[in-house]
Visitor: 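So that we are looking at the same thing, I have put the structure below in structure tokens.
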Number of protein chains: 2
Amino acid sequence: MKSDTDTLSSNRVIAADFIVNAGWIATVDANDTVFQNASLAVKNGVILGVGPQAECAQRFQADKIIDMPDHLLCPGFINGHNHAAMNLLRGFADDLPLMTWLEQHIWPTESKYVDEEFAEDGVRLAIAEMLKSGTSCFTDMYFFPDITAKLAHQYGMRAQVAFPVLELETAWASGPEEYIDKGLQVIDDFKHSSFANVCFGPHSPYTVSRATLERVATLANELDANIHIHAHETRQEVSAFIEEHKIRPLELLNDIGLASPRLQCAHMVHASDSDIELLAATGTHVIHCVRSNLKLASGLFRMHNMLEAGVNVGLGTDGAASNNSLNMLSEMNISAIMAKAVAGKADAVTASQALRAATINGARAIGREDAIGSLEAGKQADFFAIDVNRVECLPMYEPVSHLVYTAQNSHITDVWTAGEKRVEDGQLLHMDTIALREKANQWRKTLSA
Amino acid sequence: MKSDTDTLSSNRVIAADFIVNAGWIATVDANDTVFQNASLAVKNGVILGVGPQAECAQRFQADKIIDMPDHLLCPGFINGHNHAAMNLLRGFADDLPLMTWLEQHIWPTESKYVDEEFAEDGVRLAIAEMLKSGTSCFTDMYFFPDITAKLAHQYGMRAQVAFPVLELETAWASGPEEYIDKGLQVIDDFKHSSFANVCFGPHSPYTVSRATLERVATLANELDANIHIHAHETRQEVSAFIEEHKIRPLELLNDIGLASPRLQCAHMVHASDSDIELLAATGTHVIHCVRSNLKLASGLFRMHNMLEAGVNVGLGTDGAASNNSLNMLSEMNISAIMAKAVAGKADAVTASQALRAATINGARAIGREDAIGSLEAGKQADFFAIDVNRVECLPMYEPVSHLVYTAQNSHITDVWTAGEKRVEDGQLLHMDTIALREKANQWRKTLSA
């Protein structure tokens, strides 16, 4: 922990909307600076400054001072891969082989029940779960992206909403042309939202044709839009692709100009050394979904090798149907300890690296590292406070280690996005919890029938 | 979920001390019976009966009825491997290679600071953490086992306290003879305790001589006492042992008559097929410590193979210095999803199997499956209630799957051991939380100095 006065360079006293005085602040800046007895000043939803309390007291003033001496402040988590509406299918069919799970349970249920109402109720439930657990931004890929974007905007949650592109007909669109046409409309509808950001979500190289992927590449290039795709999730999917196309899936994405800093590949469990080199060389981002990959027995991700090669790795939960939760604290914990075991080195992927993966790396993956992902002057005030003085977690020697290896979800007490409090003392401020419960239980009855 | 009337065979109405009516009860009996709208009747700390509410209402009566329609009742977790006093070293030195961690941080700190006061404060803190998270029984292996046994007895927590046996001098004893002499005294001191059960804890085949292990085998045999040992934790430890002794560590334990249903091997990460066969053939128990093994990069445990071979596998947290928590819900979750990935099968190690590992298998490992580990008539009333209707975890399709893959620690609201409530609404009833916090923070200052 060190003092950093870079953000406190001017001498003028600035009026803030509010100042939080916290026991600790993990900034996740370029130096992983952690301040003790520190302040965060916010105005108009933006961070004015972060630093030691004594210095901030000279630089900022506010009528509203929030004292949290037992808390650590941290940038809001960025969940890099989700299918939010699938919260309604959480635990719907567990402990089954992957293809049985998909073909006999998930797909038939989706084709029978997924509609606007399903999307609306599922996404709302997912937003509730994510906000309560400190997630301030998520990437989604599911049908009815317009509903996801609308709800993200409504509840003040940041979202990169990847509209689906598939070859086959679903409740949302009939084929690739309609998926893309409707998706372009959603991009347009939300172009002025500060919360929802819409992008292309072609499902995967093995489910979307080369022609469609080429069209996506052209359009995304014209619009300077991101592309979010599943890639290299299972061994079988990669080997079948190679057999059919005589090229690795990532190489195909590169051949058609998709591999770039605008592309995020979710999963990448089965990445060869050459895949890792190609990811690093092209600046393609990877979203690691450790709990989903383990639970579906997809394989063991080589996070250590990815980071060493310079690949930007963010973390994602995947949907609650495979996870079975949207708990970024747990993703961060398991990704770090798994990476050590896979690398065979207890110092591989440190607590700080895991925290970066859950925050700033996720921001970089969606091209928003200028605005979110760390607590620095000028960035959006998206952050949470976690009580690090709970008896079941003491003593605490180092706050980031505590956060990654020891802390529990319920210790996250307060969550802000754009400087507005969304969760207070563990309770959602702007969502009707009773109604959410009722909806979830109704859907359970319907889907179990 | 099915109805089970085996436990309700008589017609006499029996007076209970109290009856809990719960939404669900996971009995963890031989058939993994889960009752919906069920009751648990308790008298004198013992379970009188478990079954559907309507049937129990005819069989039992009590003045005190506890209604928990949103809760699932579950047998208390059995933490099969811990070094409770090391709670004071939680997060003391993370992200370091194993030998650096041990040789430069843990061992020097232990040799400087571990005394009666350290043990007392550390164990009390660990008991608080374990009780709050639904653990009703733990195995401990650390210096000052008399203090651990005393505190377990005092707070009504069941413990198998393995007194350490080492060759080298520590604060507790000068060498193997004194360790054993003092340990035998502790066995004697607690022979009438219904909570603390003392047994032999030779550290490991690679740190304890063959002669000492033989003496332990003889004495444990005479006393019909259990033996708890670390074995096959790291690849390097196993290969170095083979090089020196021309025999695998487990084979040595078998040669001197230790491998039996009275032996528990903690870790067993590096188990060959022949090791697994030997474990199964001798009825030797294994305690799997998944989070510790991952975090210290010890390796990937083959839980699926162990269970298939018929080995009894319980779960343990290991000490908080390597874990960094004593959270059995998380152990259960990670052990299940890890096992799937290691086996390459999404149906390997189901939620029910993981719950068995965290409860009845742990009871069997310490020879107490007649008394604890499941909710059945005649067993001790050691159980917890978990709220399964929290908005962040809905919907719930199957309660055991919910418990293993979705539930959070803080949803465990009430915990009983021997029919007495130890935790109510998330708060410890018989422990001074403020004093515990102060002690933990004092030790942090001392140990960081």
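Every chain is numbered from 1, with letters handed out A, B, ... down the list of sequences. Every heavy atom of this structure was used, including side-chain atoms; hydrogens, water molecules and symmetry mates were not.
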Visitor: Please look at A:Arg291 and chain B and tell me whether the side chain, the backbone, both or neither of the residue comes under 4.5 angstrom of a heavy atom of that chain.
Guide: both
Visitor: Would you kindly say whether A:Thr317 and A:Asn323 are connected by a side-chain donor-acceptor distance under 3.5 Å?
Guide: no
Visitor: Looking only at side-chain N and O atoms, does B:Thr413 offer a donor or acceptor that is under 3.5 Å from a partner on B:His71?
Guide: yes
Visitor: Using a strict threshold of under 4.0 Å (side-chain N to carboxylate O), is an ion pair present between A:Asp70 and A:Arg390?
Guide: no
Visitor: Heavy-atom distance under 4.5 Å to chain B: side chain of A:Leu96, backbone, both or neither?
Guide: backbone
Visitor: Chain B heavy atoms under 4.5 Å from A:Val349: which part of the residue, side chain, backbone, both or neither?
Guide: backbone
Visitor: Are a donor atom and an acceptor atom from the side chains of B:Glu392 and B:His411 found within less than 3.5 Å of each other?
Guide: yes
Visitor: Do you see a donor-acceptor pair shorter than 3.5 Å between the side chains of A:His267 and A:Ser298?
Guide: no
Visitor: Given heavy-atom pairs under 4.5 angstrom as the criterion, report whether the side chain, backbone, both or neither of A:Lys132 touches chain B.
Guide: side chain
Visitor: Any side-chain donor-acceptor pair under 3.5 Å between B:Thr406 and A:Arg90?
Guide: no
Visitor: Using heavy-atom distances under 4.5 Å, tell me whether A:Met431 contacts chain B through its side chain, its backbone, both, or neither.
Guide: neither
Visitor: Tell me which of these, A:Val404, A:Leu296, A:Thr100, A:Asn333, has more heavy-atom pairs under 4.5 Å with chain B than the rest.
Guide: A:Asn333
Visitor: Under a 4.5 Å heavy-atom cut-off, does chain B meet the side chain of A:Asn389, its backbone, both or neither?
Guide: both
